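In what follows, chains carry the letters A, B, and so on, assigned in the order in which the sequence lines appear, proteins first and then strands, with residues in each chain numbered from 1. Any value given below was found using the heavy atoms of this structure, including those in side chains, with hydrogens, waters and symmetry copies removed. Every value quoted in this text rests on a predicted model; they were computed, and no experiment measured them.
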Amino acid sequence: MTAHTNIPAAAKPLDLSRRGFLAVAGGAGLGLMVGLKVDPAAAQGAAGGVVQFNPFVKVAPDGAITVVVKHLDMGQGPTTGLATLIAEEMDADWSQMRTEFAPADNNLYANLAFKAQGTGGSTAMANSWEQYRTAGATARAVLVKAAADKWQVAQGEISVDKGVLTHPSGKRGTYGAFAEAASKIPAPTGMAQETPYKDASKFKLIGKEGLHRIDNDPKTDGTAIYTQDVKLPGMLVAAVAHPPRFGGKVKSFDDAEAKKVKGVERVVQIPSGVVVLAKSTWAAFKGRDALKVEWDFSAAENRGSDELLAMAKDAVSKPGVATATNTGDAEGALKGAAKVIEADYAFPYLAHAPMEPLNCVVDLKKDRAHLIYAAQFQAIDQPTVAALTGLKPEQVTIETVWAGGSFGRRAVPTADYVTEAVMIAKAIDGAVPIKLVWTREDDTKAGYYRPFYAHKVRAAIGADGMPVAWHHRVAGQSIFSGTALEAMAVKDGVDETSVEGASNLAYAVPNLKVELTTLKVGVPVLWWRSVGHTHTAHVVETMIDELAFAAGKDPVEYRLALLKDKPRHTAALKLAAEKAGWGAKLEKGKGRGVSVHESFNTMVAQVVDVSIQKDGSIKVDRVVAAVDCGVVINPDVVRAQIEGGVGFGLGAALRNAITLKDGEVEQANFDTYEPLRIEDMPKVEVYMVKSEQKPSGVGEPGVPPLAPALANAIFSATGERVRDLPLGDRKFKSA
Amino acid sequence: MIKLNINGEARSVDVDADTPLLWVIRDDIGLTGTKFGCGQALCGACTVHMDGQAVRSCQTMAGDVGDAKIVTIEGLVGADASKEGKAVQAAWRALDVVQCGYCQSGQMMSAAALLSENKKPTDDDIDAAMSGNVCRCATYHRVRAAIHDAAKRLEA
């Protein structure tokens with residue numbers, strides 16, 4: 001560290017990396033001094049001579065480049081994407097790239113879209129696009145300078161390809177060979193100006209086919225470590241008996257039988273239930289099952305789904321409590337319109353049901369807490385743990401591991417499952433590390449569902465068949481109200497996530513009113529892959545289809561006519577229609593439907609083909625999707641996310657619903673909440689619209705268009721409208 | 001003590017006979033590639049081979065295994081990998097099947113068992129054999145393609 005001329009060793013690099021670097025990365029652009037952060041221990045060889053050049057890039061003597069990934073990878077692929085950005089700017093070889101998940105550090109690793117560390121809103125690549133490329137470009141610059149100094153040549157004469165630096169004189173070297181020397185070069189002012197990131201025309205990796213996922217190997221040989229796989233010395237596994245109704249409390253419990261189970265070590269009570277701690281997972285489950293608990297339901301939610309839905313239906317039969325959008329005079333225009341169509345819609349609670357039921361490892365000591373889990377919202381979790389334990393946030397360290405899915409469930413404003421794990425650790429005074437493990441049943445019944453909603457739309461078309469008015473009412477629970485994040489998303493009584501996708505209707509309708517009534521129910525709710533768009537897209541895209549048919553127009557042509565000032569929607573819709581062979585005559589018993597929807601700045605159009613089975617059920621044969629997500633970083637990851645979004649949306653549309661009876665969740669495992677299975681999966685084709693816009697998300701936007709395109713396809717085959725989801729065991733007849 | 005043969009090694013574990021094989025493999029043997037998803041044989045994340053057959057280890061009791069040879073994902077693709085195991089892994093990597101990856105050990109175990117019995121499965125054969133393996137990321141479309149790809153690799 002002595003070589004940092006004029007830089008106090010401890011202060012300046014750190015300061016630069018925290019402020020200067022983020023200022024550059026945050027979009028202030030080029031021209032700022034970029035910090036060179038050297039981890040003192042690493043530089044002195046404690047970590048095998050690995051040099052960290054900035055919060056995101058480390059280089060080892062053997063040339064391995066490790067990318068510090070600030071986002072949770074729950075399958076959506078940010079490890080691959082972020083490593084691609086660094087590899088591109090460093091002209092590295094894909095095989096030398098490694099990744100590790102970032103620790104909890106809101107200063108270094110904030111999601112620039114939220115100004116807080118967390119993963120969601122399909123923002124991983126979008127918010128990192130400039131930040132990670134800057135990190136790669138500046139690391140490359142100091143490494144090249146180190147080579148130039150050593151070789152006594154001009155920096156500009158050195159070229160890098162596949163991680164090998166070469167000079168026309170024949171000199172060659174690797175990044176690993178120059179890492180140590182480069183770590184001693186203070187980043188000169190203006191370096192970023194001298195080394196702006198690459199022009200798109202020079203991309204070797206970004207947007208190219210054939211770059212395999214970086215997590216392929218550990219995920220195909222059993223070595224990838226998920227929370228469930230973490231084992232610390234002396235650790236006990238914790239299973240919790242939760243109240244069977246939301247808001248229930250423990251009245252009393254008898255643990256005599258539980259304590260007889262071999263391997264059970266302790267039974268403790270925490271606010272969310274009764275905990276059995278055991279030496280093995282199976283013993284913890286068995287012990288939990290042997291508990292006798294009496295519950296106090298005096299403050300619990302005791303209503304059932306029928307009652308809740310009736311409340312929502314009643315709410316949309318009346319003016320909304322809040323108005324989300326009011327353009328023109330929708331009610332007035334409806335009165336004088338040539339034709340009015342009115343329709344009601346209902347959507348159930350949905351569970352995220354990730355393959356890995358929720359879990360969390362906590363090692364609590366007097367002066368620190370170390371958590372290991374698939375952390376999705378560190379900016380919430382870290383201060384929450386600090387508050388629960390009386391520690392300072394910096395005494396709470398979080399080690400992130402692979403997530404066995406999430407779909408939003410691991411990012412929770414109340415940090416519910418993390419809180420539960422910490423309360424268990426506290427209840428035993430941190431005597432040993434603990435791993436909280438939920439069973440599938442615990443996971444299904446734990447709440448934090450996609451809220452249930454009712455919608456009512458009255459829409460009118462004029463004499464030319466084009467829409468003149470759209471009056472839309474939504475009723476359901478708010479995801480943000482009452483949480484620490486309320487101010488972010490709730491404005492004038494409108495939770496943006498209750499109406500997004502409807503309040504900003506893409507179609508040119510001159511008179512538009514969207515009203516919202518927010519319901520209070522004692523069932524915790526949460527964002528679920530694509531959030532409000534999960535229901536608004538269904539309503540908007542099936543209603544626009546109804547209007548097209550009422551007008552006697554082709555559904556694609558009708559939409560295009562209403563999207564004249566929406567070039568990105570138009571391009572996606574045209575591409576999907578063309579690739580699907582839209583307009584071809586279909587056999588009896590077959591149907592084809594279309595939809596297009598924007599979410600998270602990405603446009604996705606889908607064409608769904610269905611066939612009506614002999615028993616009246618529906619089979620989805622093929623889905624053609626077109627996506628405009630700006631610059632494509634990895635086309636195969638985009639394809640995979642849209643394919644997965646189609647499957648995720650389809651499973652929910654076909655048969656998923658969480659229902660309550662007298663306050664108790666009626667579903668428990670995959671027999672009663674059955675996910676899509678392989679025989680349900682259609683052929684999926686994904687096409688990308690060429691774009692030079694900044695990348696936008698792909699994790700969520702594939703979901704919303706599926707259900708309405710499916711519903712529209714069923715209509716084309718049967719003449720029957722699907723307004724409520726899921727289809728369940730509804731049977732159809734070919735028209 | 002219960003004696004088991006796992007990935008070709010003789011192991012002795014001190015567990016009750018009614019302990020699911022899944023938890024013996026994960027907690028006692030320490031092989032964590034086999035996953036817990038549902039505990040009710042409804043998702044297939046815990047699939048292992050028992051004398052070559054795909055079984056759900058969460059519903060297979062340790063005391064019922066006897067002399068049967070158990071193979072987990074670590075054995076399927078490790079040093080003593082079967083030809084089906086190698087082909088399945090190569091296909092999975094070539095087609096970038098995985099997303100979150102949590103179900104994929106089970107998917108690969110079921111796929112390898114299918115290919116050891118059916119050298120050239122059709123889409124319908126695949127759907128029938130893989131129906132018990134849930135993937136919430138819905139990688140099904142690629143699972144199907146990868147099994148066809150693995151079948152081709154085995155033919156070659």
Side-chain angles (χ1 to χ4, degrees), chain A residues 73-77 212-213 215-226 228-229 231 237 262 279-282 285 353-357 402-407 437 439-441 636-637 640-641 643-648 650-651 669-671 674-684, chain B residues 15-16 18-20 22-24 26-28 30-40 42-43 45 72-78 88-90 92-105 108 124 126-144:
Chain A
D73 199 321
M74 42 202 155
Q76 84 283 33
H212 291 286
R213 286 184 71 112
D215 50 356
N216 258 350
D217 288 6
K219 288 180 176 177
T220 52
D221 65 10
T223 59
I225 296 295
Y226 301 80
Q228 192 74 37
D229 308 327
K231 196 169 186 177
V237 178
K262 191 163 102 184
K279 284 181 177 164
S280 73
T281 319
W282 181 241
F285 290 172
M355 284 309 295
E356 181 185 19
W402 297 106
S406 167
F407 316 112
V437 175
T439 59
R440 172 59 51 198
E441 292 81 2
D636 201 52
V637 172
Q641 284 311 295
E643 290 161 10
V646 162
F648 196 77
L650 180 57
N669 207 313
F670 286 146
D671 47 352
E674 192 179 11
L676 192 83
R677 291 185 182 272
I678 193 167
E679 65 270 27
D680 305 312
M681 187 74 187
K683 291 192 165 58
V684 185
Chain B
V15 297
D16 291 341
D18 67 351
T19 307
L22 167 67
W23 297 113
V24 175
R26 290 183 51 83
D27 286 357
D28 297 284
L31 294 172
T32 55
T34 305
K35 300 302 188 202
F36 165 60
C38 73
Q40 300 287 336
L42 296 165
C43 81
T72 68
I73 182 70
E74 291 88 351
L76 184 79
V77 301
V88 164
Q89 187 186 51
W92 248 245
R93 290 177 177 179
L95 275 67
D96 294 282
V97 172
V98 306
Q99 289 190 27
C100 90
Y102 195 80
C103 74
Q104 298 295 348
S105 297
M108 292 169 65
D124 285 345
I126 292 171
D127 286 1
M130 304 299 293
S131 179
N133 288 85
V134 169
C135 174
R136 284 290 284 154
C137 302
T139 61
Y140 299 125
H141 169 88
R142 292 186 189 222
V143 165
R144 244 184 240 142

When rounded to the nearest 0.5 Å, the distance separating CD1 of I678(A) from CG of D127(B) is 5.0 Å
Highest number of heavy-atom pairs under 4.5 Å with chain A among G39(B), G37(B), G33(B) belongs to G37(B)
Most contact-rich option vs chain B, by heavy-atom pairs under 4.5 angstrom, among M355(A), Q228(A), K279(A), is M355(A)
Comparing M108(B), Q104(B), E74(B) against chain A, the one with the most heavy-atom pairs below 4.5 Å turns out to be M108(B)
If one checks every heavy atom of M130(B) against chain A at 4.5 Å, the contacting part turns out to be both
Applying a strict 4.5 Å limit to non-hydrogen atoms, the region of V143(B) in contact with chain A is side chain
Quick one, V646(A) and H141(B) - any side-chain contact, counting heavy atoms below 4.5 Å? no
Applying a strict 4.5 Å limit to non-hydrogen atoms, the region of A403(A) in contact with chain B is backbone
Okay, P682(A) and chain B: the region with an atom under 4.5 Å from a heavy atom over there is backbone
When the 4.5 angstrom heavy-atom criterion is applied to Q76(A) and chain B, the contacting part is neither
ask   = With the threshold set at 4.0 Å, does a side-chain nitrogen-carboxylate oxygen contact exist between R142(B) and D636(A)?
value = yes
When the 4.5 angstrom heavy-atom criterion is applied to W282(A) and chain B, the contacting part is both
Check: Do the two ring centres, one from F36(B) and one from F285(A), sit under 6.0 Å apart?
Finding: yes
If one checks every heavy atom of M74(A) against chain B at 4.5 Å, the contacting part turns out to be backbone
So CZ of R677(A) and SG of C43(B): to nearest 0.5 Å the spacing works out to 8.5 Å
Comparing G30(B), A94(B), G78(B) against chain A, the one with the most heavy-atom pairs below 4.5 Å turns out to be A94(B)
Check: D671(A) and Q40(B) side chains under 4.5 Å, non-hydrogen atoms
no
I'd like to know if the side chain of Y226(A) reaches the main chain of Y102(B), judged simply by a donor and an acceptor atom lying under 3.5 Å from each other, with no hydrogens or angles considered.
yes
What do the steps show when you test Q641(A) against Q99(B) for side-chain contact (heavy atoms from CB on, under 4.5 Å), and what is the final call? CA-CA 9 Å; Q641(A) 284 311 295; Q99(B) 289 190 27; 3.0 Å; yes
- So, the side chain of K219(A) versus the backbone of C100(B): is there a donor-acceptor pair under 3.5 Å, distance only? yes
Handout entry: Polar side-chain atom of R144(B) near backbone of K683(A) as donor-acceptor pair, under 3.5 Å
Key = no
Turns out that what part of S280(A) lies under 4.5 Å from chain B's heavy atoms comes down to both
If one checks every heavy atom of I225(A) against chain B at 4.5 Å, the contacting part turns out to be side chain
ask   = Just wondering, do D229(A) and K35(B) contact through their side chains at under 4.5 Å, heavy atoms?
value = yes
(Q) Taking D27(B) first and then K231(A), would you say they form a salt bridge - that is, a charged N and a carboxylate O separated by under 4.0 Å? (A) no
ask   = Looking at side-chain heavy atoms only, is the closest gap between D221(A) and Q89(B) below 4.5 Å?
value = yes
- Query: Quick one: does Y140(B)'s side chain have a donor or acceptor within less than 3.5 Å of a partner on D680(A)'s backbone?
  - Reply: no
Donor-acceptor pair, distance only, cut-off 3.5 Å: does the side chain of D96(B) make one with the backbone of R213(A)? yes
Checklist entry - Just wondering, are more than 12 heavy atoms of other shown residues or ligands nearer than 6.0 Å to NZ in K262(A)? => result yes
The interface call for T19(B) against chain A, heavy-atom contacts under 4.5 Å, is both
Practice problem: Taking atom types as modelled, find out whether R93(B) and T220(A) have a side-chain donor-acceptor pair closer than 3.5 angstrom. | Solution: yes
So, the part of D16(B) with a heavy atom under 4.5 Å from chain A: the answer is both
- Under 3.5 Å, is there a donor-acceptor pair between the side chain of R136(B) and the main chain of A353(A)? yes
